[in-house]
Protein chains: 2
Amino acid sequence: MAGRRTRSEIVAAADELFYRMGFEPTSFADIAEKVNISRGNFYHHFKTKDEILNEVIQKRAADRRTMLDAWEQEESTPERRIARFIDILAMNCDKIRLHGCPIGTLTGELAKLDHPAREEATALFTLFRNWLSRQFAQLVPHKEADRLAMELLARSQGAATLYNAFRDDNFLRREIAAMKAWLAGISAGRKSAHD
Amino acid sequence: MAGRRTRSEIVAAADELFYRMGFEPTSFADIAEKVNISRGNFYHHFKTKDEILNEVIQKRAADRRTMLDAWEQEESTPERRIARFIDILAMNCDKIRLHGCPIGTLTGELAKLDHPAREEATALFTLFRNWLSRQFAQLVPHKEADRLAMELLARSQGAATLYNAFRDDNFLRREIAAMKAWLAGISAGRKSAHD
DNA sequence: GTCTATAGATAGATAGAC
DNA sequence: GTCTATCTATCTATAGAC
């Protein structure tokens, strides 16, 4: 029973290290050191590195679900909920500056590794995609909602990537403002500019 | 003198492998196998892995400069030149689908590794940024040109990241069409929609 | 459930014959 | 300029004492 605690500590440590250094460059030794257990003990909890990866992805999914549920509770309109999504960039800018988006960089790395868990990582994007789509469906015809969700997801990914590269605070601020203006245009006009 | 050929073959092989598998996961053995030389001979040409990385980045920069110069020659208007940039996504979609954007994924990986060459990799983005900025400066007031260059760069990065994750051809087509519509709006109105 | 010790593979890198 | 052989470090993973 006490083992659950150590196990979840390992997953939490791996989550952060995979984000900061990447999955492949992170070794068992790195994780063990962070949790303060020996490498040998490690294998009592996890048989393979991929097993940890899977649990890290599931933890990330659970964390995001909790966050999205909270936004749904805390904000009364779809505009405000979508605005909360855009604000992730500002809230986490210190980390994004150094390590990029946790979801975007993981899916990218797993794609290059041709890793079996790639699709599970993509499901983290799907979580946001579907949540955003449900919000947009309250602002525009249902048929357009997913398109807008993907558009916003793409724009936030682009902003994260270039902010990580150039580390220009003004650029990030501008991108956030532009996304909010775009959102305001949709919720006011209830129709997107093009198409 | 013949050594130059082997050296450039090594760089070309490393360029492709770093793109396909990532810098860190690519081993000397991988590169040596691809070039058909022994691991030992390898060190006659390059002392360290970082040395190869630097040369790969310089090669990528040279390749992009050549490409941008060609676009400048081949296209007569800034709109058409910028459109060529947007078309990269369609031209390279097979590779982007599997491995993402070569520049975006490299800068992201080097950021996580906290690698000394990170800034050199970012310079690859700067190459496009400045080129696009010069094109936009012919369409809008100079003060706005860099802002539009970054906006387009970000959008193309976002499209590449999500295409790599979801592998949805319709999404990519839509993003390309949206960028072209955005570009048409700028070159027609000579003023961006927001701000 | 935690540890030490260690296996087996592979990494980056070197030495020296040809 | 290319090779084989090898070094050292580190990786994932296992065995077995406590």
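None of these values were measured; they are calculated from a predicted model. Excluded from the calculations below are hydrogen atoms, water molecules and symmetry mates; all remaining heavy atoms, backbone and side chain alike, are included. In what follows, chains are A, B, ... by sequence order, proteins preceding strands, each numbered from 1.
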Nucleotide nearest [X] (side chain, heavy atoms from C-beta), chosen from [options]:
X     : options               : result
A:T48 : D:dT2, C:dA11, D:dA13 : D:dA13
B:K49 : D:dT2, D:dC3, C:dG12  : C:dG12
B:F28 : D:dG1, C:dG12, C:dT2  : C:dG12
B:S38 : C:dT2, D:dT4, D:dT12  : D:dT4
A:A29 : D:dT2, C:dT2, D:dC11  : D:dC11
A:N41 : D:dT2, C:dA11, C:dG1  : C:dG1

Between [N] atom [atom2] and [X] atom [atom1], what is the distance in whole Å?
X     : N      : atom1 : atom2 : result
B:R7  : D:dT2  : CZ    : P     : 13 Å
A:F42 : C:dT6  : CZ    : P     : 22 Å
B:E24 : D:dT10 : CD    : P     : 14 Å
A:I10 : D:dT12 : CD1   : P     : 14 Å
B:F46 : D:dT2  : CZ    : C1'   : 16 Å
A:H44 : D:dA13 : NE2   : C1'   : 16 Å
A:K47 : D:dA15 : NZ    : P     : 11 Å
B:R5  : D:dG1  : CZ    : C1'   : 11 Å

Next on the checklist: Distance check, rounded to the nearest 0.5 Å: B:L53 atom CG versus B:F46 atom CZ?
Outcome noted: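 If I round to the nearest 0.5 Å, the distance is 11.0 Å.
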
Checklist entry - What does B:Y43 touch in the nucleic acid at a heavy-atom separation under 4.0 angstrom: a base, only the sugar-phosphate, or nothing? => result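 Base contact.
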
Next on the checklist: Considering every strand and a 4.0 Å limit on heavy-atom distances, what is the contact class for B:S27: base, sugar-phosphate, or nothing?
Outcome noted: sugar-phosphate

When you measure from the side chain of [X] to the backbone N and O of [Y], does any donor-acceptor pair fall under 3.5 Å?
X      : Y      : result
A:R167 : A:N164 : yes
B:T48  : B:E51  : yes
B:K180 : B:E175 : no

Next on the checklist: I need the single residue from A:R60, A:R20, A:K34 that forms a salt bridge (charged side-chain N to carboxylate O under 4.0 Å, His left out) with A:D15. Which is it?
Outcome noted: A:R60

